[in-house]
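Some notes on the structure that comes next.
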Amino acid sequence: MHDLKYLRDNLDLVRTSLERRGRDVPWDTIQKLSEERRTLTTQVEQLRHELKKGSDDVAQRRRAKLPADEAIEAMKQVGERIKEIDGRLRDTEETLNGLALCIPNLPHHTVPQGTDSTQNVEVRRWGTIPSFSSPPKPHWEIGEALGILDFDQAAKIAGARFAVLSGAGAKMERALIDYMLDLHTTQHGYREILSPVLVNRQTMTGTGQLPKFEEDLFRLRDEDWFLIPTAEVPLTNLHREEILSEDRLPIRYTACTPCFRREAGSYGRDTRGLIRLHQFNKVELVAFTTPDCSYDELERLTGHAESILQNLNLPYRVVTLCAGDMGFSSAKTYDLEVWLPSQGQYREISSCSNFESFQARRANIRYRVGGGKKEAKPDFVHTLNGSGLAVGRTLVAILENYQQPDGSVLIPEALRPYMGGKERIVKE
RNA sequence: GGAGAGGUGGCCGAGUGGCCGAAGGCAACGGUUUGCUAAACCGUCGUAGGGACAAAAUCUCUACCGAGGGUUCAAAUCCCUCCCUCUCCGCCA
């Protein structure tokens, strides 16, 4: 959500900024509606003023035992006019609001130009790509051979794009979750949260999933509840409609939740394995900061996500998404891409974004500038989030990068304490 | 699911049709007093959207008493719907 006043005053800048994202925005309609709203508002307020005065007059006359019929009659008519103009005002606002909610965030000036993922810019690489004597196997083959992954069973009980993990597979998923949460809470200063994974419409609007992307979400049939596509949604909305005191900032939360995605429009992509599922676990990092710190925080948060990959010794690279490839709400996004030997390429495992005040406006999350001083005015916080990490894809990366010629998989050292000291997964 | 009680400013809490953006208290902030701390006293003390002013200070208008409708010249107050919280009963992990 943008500040409509800001849009109006900086129309050219905004327009060129959004062109970088390749999105069409109905500027003329918006401009026309804003003007309409303004005139209608003024009119309604003037009439209300009149009504108020008139009503006071009636009250005074009553007290003085004077007749008031004339004033009452006049006010009746004012009331009618208010009703009529207010109705038009409401329609205007509703339309305008709907349009405004569908305008994406403006890309930060450091975001590279581009229309799709081929124009993302690599920032750095880390780790050594492992070499294999024979062609590395995809994780689903490894997992099925070890008896720890079963997609047939998943299809039977749920459908396509689900997975069943068992034995050491299930255990490793849980170990990864514990390991990630422990690291973020003890080393990186995040507070662990366990939240609902069903949320209401307002919450989904706060972070930007609604109204534009409803078809990506699972929704309950009998209640207006949605399954979260990421913990970003509940975590960011924890402070919806709040004014935080500045000394509480930055606030950092982490949570592991299941994430649910319709994956509409991704037919035929990543149909095998754990890469793209309707349900997966993800450890999420969310931060609330003052506007002047948010880009430092983005670097820090990205680093926190990277540290997991480093500790697990998984090779990865960091890319800056170009303007055309960024998510709707983001002002700047780094993707972390882990090396997948079977595909011979880097694949997204984390996405770290600064939303600046975009979500904060939608969700009305503010902070009090300058503590409790009289001149202190509330201002919107900046919100950020990043995966730290997508657990299923981490499991994929481990299976593939740590696979052995005999079909077993070594367990990364950092994870062994979480797996009862075990060093290797062998066929069960 | 059944029965009942509630939702008022940062918090507590008064207010059952007009003079209520809302008493009183607490907290917070500024000040006076004080050797220091405390106390006492005085003052300030919500958010948002318009307008006036070149702009700031300031002034002014409008909206907001859980949300949305309705009645009325006039609604925190009356009516309806919904949401949420609490208590009791039932059911349940």
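Chain letters run A, B, ... following the sequence lines, proteins first, then strands; residues in each count from 1.
- Applying the Watson-Crick and G-U wobble criteria (two distances, each under 3.5 Å), C92(B) pairs with nothing in any strand.
- R62(A) comes within 4.0 angstrom of a base, heavy atoms only.
- At the heavy-atom level, R37(A) lies nowhere under 4.0 Å from the strands shown.
- G6(B) and G13(B): their C1' atoms are spaced 14 Å apart (whole Å).
- Counting heavy-atom neighbours within 6.0 Å of R15(A) CZ, excluding the residue itself, gives a total above 12.
- In this pair, Y179(A) and Y418(A) present their aromatic rings perpendicular. The plane angle is above 60°, beyond the 30 to 60° band.
- To the nearest 0.5 Å, atoms CG (N200(A)) and CG (L198(A)) are separated by 10.5 Å.
- Nucleic acid contact for K83(A): sugar-phosphate only, since backbone atoms but no base atoms lie under 4.0 Å from a heavy atom of the residue.
- Closest approach to the R366(A) side chain among C73(B), A63(B), A48(B) is made by A48(B) (side chain taken as heavy atoms from C-beta onward).
- Spacing between atom CD of Q60(A) and atom P of A74(B) amounts to 17 Å, rounded to whole angstrom units.
- Taking atom C1' in both G24(B) and U8(B), one finds a spacing of 14 Å when rounded to whole Å.
- Contact of R63(A) with G18(B) (side chain to base): no donor-acceptor pair of N or O atoms is detected under 3.5 Å.
- With A63(B), C61(B), C73(B) as the choices, the nucleotide that has an atom nearest any side-chain atom of E45(A) turns out to be C61(B).
- You'll find that the side chain of I243(A) is closest to U47(B), out of G68(B), U47(B), C73(B).
- In a base pair of the Watson-Crick type (N1 to N3 plus N6-O4 or O6-N4) or a G-U wobble (N1-O2 and O6-N3), with each distance short of 3.5 Å, C59(B) is matched with G51(B).
- Summarising the base pairing, C36(B) is matched to no nucleotide, lacking a Watson-Crick or G-U wobble pair whose two defining distances lie under 3.5 Å.
- In summary, of the residues considered (S387(A), S117(A), S351(A), S350(A)), a side chain to side chain donor-acceptor pair (under 3.5 Å) with D335(A) occurs for S351(A) alone.
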